[in-house]
S.K.: 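First, the structure itself, so that you have it in front of you.
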Number of protein chains: 2
Amino acid sequence: MAAETRERIVEAADLLIYQHGFEVTSFADIAATVGISRGNFYHHFKTKDDILDGVINRRLANTEQMLDRWEIAGSDPAERIRSFIHILIVNGEKIRRYGCPVGTLSSELAKLNHTAKSDAAALFTLFRSWLCRQFERLGFGDKSDELAMHILGRSQGVATLANAFDDDRFLHHEVELMCAWLDDQIAGLANKNNPDRE
Amino acid sequence: MAAETRERIVEAADLLIYQHGFEVTSFADIAATVGISRGNFYHHFKTKDDILDGVINRRLANTEQMLDRWEIAGSDPAERIRSFIHILIVNGEKIRRYGCPVGTLSSELAKLNHTAKSDAAALFTLFRSWLCRQFERLGFGDKSDELAMHILGRSQGVATLANAFDDDRFLHHEVELMCAWLDDQIAGLANKNNPDRE
DNA sequence: GTCTATACGCAGATAGAC
DNA sequence: GTCTATCTGCGTATAGAC
């Protein structure tokens, strides 16, 4: 039961922090969502920062699970990368409302000069390393990390603008562009390895 | 003198909001920076939201001035667009610390469900329209707005990741990619209008 | 483990002297 | 116009009963 309440707190905090930001989310907000008293909180977490820690760890675990699923579901690296690109559409509604959970948390913690900023960056690193691995398998070698960062950045920009303008068409169009970019990269690589045509 | 103090308040608030966020920045912080008492505040602004209004208007005016300068300094539209791309480098240090002032404010206000969110989006629109105009002059016609949004999004993504990873090399590399993308777009357009070579 | 009661500080905001 | 003093509410955090 103890662990269960703890889980419910972290889950509620995760959602509230995503929707409204870390600083703005208060114990009272979380308590009201979970349905417990504020006092009860401190039996599970010493400080607010502890809750943030719990939330980030939860996100890390969930992200790893998602990447594992993509790893299994995708028949080849290119398809797996397309899985990544398409979360922009899958989570489109939330993104248009609240932005990307990773990017917005990272930005807020940077401004707060919060010690957990590096933990939030670890969330990005999870995606980055996974993407890098996919590009390596496609044969991009040393360029793989650059390509991973490129597509990670593209998706961040799309999320920010889709949120600012609440623009679904833009989001879809940019997803198409990112997929086209991926195809171009792969075609360019094939040309390089087998240059019978200029 | 009255107007002068008001200006100093808005200027200080602008910087503090950029560095630490809107919600976190308190009257006490701003007052301490400007060197006035908290009480004096309310002679110039009725509420905290009024200060935010002042800050956004200040940013709008400053941005317009910057775009005008680029308009004059750039000899052709492509060079002007490159001026836009290069703010990522010019403001690189600040961006790595605090992110993009426009994107991070917009994201925060979205999460706060703040009425001024649309005003912050107007800052994006300023860049968007200006970029769109440059692409139109280059002859991109109906595609101009899409291209403007694309490059605006790219720069947002670069800012977010450069901030998250505090990575200057990534920032520079992506600026090069954006410039190369621009050249490709222009070359593609020329090819389309004059297809003597496939 | 969960609750109520409470401490303490700082937030935004107001009143009124100078 | 600028100040000090003060109000009120909410934030995190603690103490201790059940």
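Reminder, nothing fancy here: chain letters follow the sequence lines and each chain counts from 1.
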S.K.: Under a 4.0 Å N-O cut-off, is there an ion pair linking A:R169 with A:E176?
M.R.: no
S.K.: Could you tell me whether B:E64 and B:R58 make a salt bridge, using a distance below 4.0 angstrom between a side-chain N and a carboxylate O?
M.R.: no
S.K.: C:dC3 phosphate, OP1 or OP2: any side-chain N/O from A:H43 under 4.0 angstrom?
M.R.: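 For A:H43, the contact criterion (side-chain N or O under 4.0 Å from OP1 or OP2 of C:dC3) is not met.
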S.K.: I need the CD1-P distance between B:I51 and C:dG12, as an integer number of Å.
M.R.: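 Atom-to-atom, B:I51 to C:dG12, this comes out as 8 Å.
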S.K.: Is a side-chain donor or acceptor of B:K111 paired with a backbone partner of A:Y98 at a separation under 3.5 angstrom?
M.R.: yes
S.K.: Which of these, A:T125, A:D119, A:L123, A:V55, sits in a side chain to side chain contact (heavy atoms under 4.5 Å, CB included) with A:L60?
M.R.: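 Among the candidates, only A:L123 passes.
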S.K.: Indicate yes or no: does A:D168 engage A:R96 in a salt bridge with an N to O separation below 4.0 Å.
M.R.: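 Yes, this pair counts.
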S.K.: Output the rounded distance in Å from CZ (B:R6) to C1' (D:dT2).
M.R.: 17 Å
S.K.: Check each residue of residues 104-119 of chain A for a non-hydrogen atom within less than 4.0 Å of any atom in DNA chain C, then write out the ones that pass by number, or none.
M.R.: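 Output list: empty, so none.
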S.K.: Quick check, are the ring centers of A:F127 and A:F84 under 6.0 angstrom apart?
M.R.: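 Between A:F84 and A:F127, which both carry aromatic rings, the centre distance is below 6.0 Å.
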S.K.: When the distance from CZ of B:R8 to C1' of D:dG1 is rounded to whole Å, what number comes out?
M.R.: 12 Å
S.K.: Check whether any side-chain nitrogen or oxygen of A:T5 sits under 4.0 Å from OP1 or OP2 of C:dT2, and answer yes or no.
M.R.: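 For C:dT2, OP1 or OP2 has a side-chain N or O of A:T5 closer than 4.0 Å.
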S.K.: Treat primed atoms plus P, OP1 and OP2 as sugar-phosphate and everything else as base, then score nucleotides 4-18 of chain D 5' to 3': B for base contact with protein heavy atoms under 4.0 Å, S for sugar-phosphate contact only, - for none.
M.R.: B------SBBB----
S.K.: Tell me whether A:R82 is salt-bridged to A:D183, with the criterion being a basic N under 4.0 Å from an acidic carboxylate O.
M.R.: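 Judged by the 4.0 Å cut-off on N to carboxylate O distance, A:R82 and A:D183 do form a salt bridge.
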S.K.: Using atom types as modelled and distance alone, determine if a side-chain donor or acceptor of A:E108 lies under 3.5 Å from a backbone N or O of A:E23.
M.R.: yes
